[in-house]
Protein chains: 2
Amino acid sequence: MMKNKITLKELAKLLNVSVSTVSKALNDSSEISPKTIERVKELAALHNYRPNPVAVNLKSSKSGTIGVVIPNISNNFFAKVLSGIEAKAQQEGLQVITYISNESLEREKQITDMLTSGFVDGVLIAISEATHRARNYDHIFGILEYEIPVVLYDRINIDVPVDKVGIDDEKSFAEATNLLISKGIKKIGLASGIHHLGVGKLRIKGYESALAEGMESMIAASSRKQVLIDGIHDILVNKKVEAVLCTDFESAMRVYRMAYENNIRIPEDLKMIGFLPKNVARFLTPSISYIEQFPEEVGKNAMQMLIDRLNGKLLSDKSTEKIINTELVHLESTVF
Amino acid sequence: MMKNKITLKELAKLLNVSVSTVSKALNDSSEISPKTIERVKELAALHNYRPNPVAVNLKSSKSGTIGVVIPNISNNFFAKVLSGIEAKAQQEGLQVITYISNESLEREKQITDMLTSGFVDGVLIAISEATHRARNYDHIFGILEYEIPVVLYDRINIDVPVDKVGIDDEKSFAEATNLLISKGIKKIGLASGIHHLGVGKLRIKGYESALAEGMESMIAASSRKQVLIDGIHDILVNKKVEAVLCTDFESAMRVYRMAYENNIRIPEDLKMIGFLPKNVARFLTPSISYIEQFPEEVGKNAMQMLIDRLNGKLLSDKSTEKIINTELVHLESTVF
DNA sequence: CTGAAAGCGCTTACAG
DNA sequence: CTGAAAGCGCTTACAG
């Protein structure tokens, strides 16, 4: 049994009325008599009529789709942001078109180029690492020139006048550092594989700003594997830090491995707090205290902001910014 | 500087030619003189003309978009499948609309309902756990009734006559079991949090079929947390298995934790092999031997298959199936 | 080689 | 209350 898609025209012919009448009836126009509305709807239901969304889009010059640009979908944080975006979009009857930049500026430019070709009503984007490094945001401005609203999420520490939704990166590490200090810990180190990114910088800034008088800042940071490992070795084994904060998954796992290989016991010899996915943090041996983020909330809020922008609910000459708070979750690595 | 989108009509007026001529010129029609083609293209480039994709779609009754249904985007396997799909789509100039079912049959039905409303040219779907449990595939057949091609990926062990791309789940665990046997291990157990899913069943089947004469099948399997934990305790602590295969992330992490808590040393007392993301497996202490899958390949192949189907390159009365092979990667947990 | 016309499937001012 | 007409932005047979 093949369902051939039925059109307005065909319905009209079957009903012996005009296409306009059918269209209006289906849209509950007050111009049409209740009786006709009923007849039309009945037949439409019988044939499982659905308006062709492409045609509707052409008339309304809206597509009902949102473009979402993701730097790296393997990063669980971004995967969950997407999940939040998709949930919100679903509620609002919007379609989400996904683009993955793989942290590449080149690819990101291709994507923004597609985005301006008129398919999407709005854009949610976390810029790629490469874009951040190059500080080249021309293609973002390019989208704006087409009057397509843009909301930046997570990686928002850049100077582009658009709406933004982010994480309290700086505060999270300031508070973690303060907590360790309050427990009498003096030698606190930090490891980072993302010190070159905005979020990395903010986390490091939070750590440094919270260090008390006379406390040394000890940072192992590199985006190159071996340099990072050597740096971690230095602060764990040579400098013998008593606690270490990790800004990202990779640095956390390398610290964890390094401690294991050098018989540094967690938490006895070393306290540890990191940005880690809950699922991994809980199951490690020992489990690692982590900063819980709420990526779905980031996604939902970014989508909501975009919707508000599209509906003209936000002031047109001013961009808004929203910060989603994190929470420090204590597990075995910070048992005192 | 605002770029107002320019249309064919406007270009035509500026050039003092007809809309048809402009359209043909831009499409390099042989009907049009080289000189006109050049003039038209020049002005189009100057104004950065891009055809309105919605209008093109309406004419061609194709949308250039593919719907992808993902059960759970937090699962790194699916995230990477999406990455492969997106990469292929990008190459082919197709847009990917993402839908997340959250393993819910209800949600999946809503999604398939949207999919049939005429937006997408084809569908890639991994059915949800709930769908699998309920064995309710009516909504999948529903898509087919609209003549929208469907390709199943990963969770393909169901009786629906469509193209499929999967993983060699059964073989992977059969080979892992054989390897352990060849090393003289007698007591091999298995842990699973996904025994109710097709992929879980296949992995378990592979394990059981490979067990040698007289070897006992020892399985801890449940989708309920505490039952799974108790089961793992039983095979590790009471039955004292010498090796354990884990079908999924959660069961692997629980085995890993359970061994740690009961002073069972890996690999001295217990060998371990599991389906784990590379990134986690490598960093654990000790690192855990894992079955490497190639989710991007699954995604790319599924997308390619769909494209072939759309282009009529596949036989219309027969569905194809492709299996992507896995690889066992030895790390510290299987040092003999 | 160029252009007028029809049409993809819808919506909506306007006329009756 | 109903319908004819115009139009969203494009493509493509057909006529000239």
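Here the structure is a predicted model, which means the values were calculated and not measured. Proteins get letters first, then strands, A, B, ... in listed order; numbering begins at 1 in each.
Remark: A:Lys9 engages A:Thr7, A:Val19 in a side chain to side chain contact (heavy atoms under 4.5 Å, CB included) (not counting sequence neighbours). Taking the salt bridge (charged side-chain N to carboxylate O under 4.0 Å, His left out) definition, one finds that B:Asp159 meets it with nothing, sequence neighbours left out. Residues meeting the side-chain hydrogen bond (donor to acceptor under 3.5 Å, both in side chains) test with A:Ser18, sequence neighbours left out: A:Thr21. Residues forming a side chain to side chain contact (heavy atoms under 4.5 Å, CB included) with A:Glu31 (at least two apart in sequence, or on another chain): A:Lys24, A:Ser29. Checked against side chain to side chain contact (heavy atoms under 4.5 Å, CB included), B:Asn136 has the following partners two or more places apart in sequence or in another chain: B:Leu105, B:Lys109, B:Ala134, B:Asp138, B:His139. Remark: B:Glu129 pairs with B:Glu103, B:Arg133, B:Arg155, B:His196, B:Leu197 by the side chain to side chain contact (heavy atoms under 4.5 Å, CB included) rule, at least two apart or across chains.
First and last contacting nucleotides of DNA chain C toward chain A (any atom under 4.0 angstrom from a heavy atom, 5' to 3' order): C:dC8 to C:dC14.
Listed by first and then second residue, the side-chain hydrogen bond (donor to acceptor under 3.5 Å, both in side chains) pairs involving residues 76-86 of chain B are A:Arg107-B:Glu86 (not counting sequence neighbours). For residues 45-69 of chain A, the set of pairs meeting the salt bridge (charged side-chain N to carboxylate O under 4.0 Å, His left out) definition, not counting sequence neighbours, comprises A:Arg50-B:Asp113.
Mapping B:Asn16 and A:Ser20 onto DNA chain C by nearest heavy atom places B:Asn16 at the nucleotide closer to the 5' end. Mapped onto DNA chain D by nearest heavy atom, B:Thr7 and A:Thr21 fall at different nucleotides, with A:Thr21 at the one closer to the 5' end.
Counting non-hydrogen atoms under 4.0 angstrom, A:Val19 reaches a base of the nucleic acid.
Annotation: D:dA4 and C:dG7 have their P atoms spaced 16 Å apart (nearest Å).
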Please tabulate, one pair per line, all N/O donor-acceptor pairs under 3.5 Å involving side-chain atoms of residues 299-309 of chain B, not counting sequence neighbours.
residue, atom, partner, partner atom, Å
B:Asn301, OD1, B:Lys322, NZ, 2.9
B:Asn301, ND2, B:Glu297, O, 2.8
B:Gln304, OE1, B:Lys88, NZ, 3.0
B:Gln304, NE2, B:Asp308, OD1, 3.1
B:Arg309, NE, B:Asp163, OD2, 2.8
B:Arg309, NH1, B:Leu315, O, 2.8
B:Arg309, NH2, B:Asp163, OD1, 2.8
B:Arg309, NH2, B:Asp163, OD2, 3.1
B:Arg309, NH2, B:Lys318, O, 3.0

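Counting heavy atoms of neighbouring residues, nucleotides and ligands inside a 6.0 Å radius, atom CD of B:Glu106 does not exceed 12 of them.
Taking a pair as Watson-Crick or G-U wobble with both distances under 3.5 Å, the runs of three or more consecutive pairs in DNA chain D are C:1-3 with D:14-16, C:5-12 with D:5-12, C:14-16 with D:1-3.
Near DNA chain D, meaning a heavy atom under 4.0 Å away, the residues from residues 22-38 of chain A are A:Lys24, A:Glu31, A:Ile32, A:Ser33, A:Pro34, A:Thr36.
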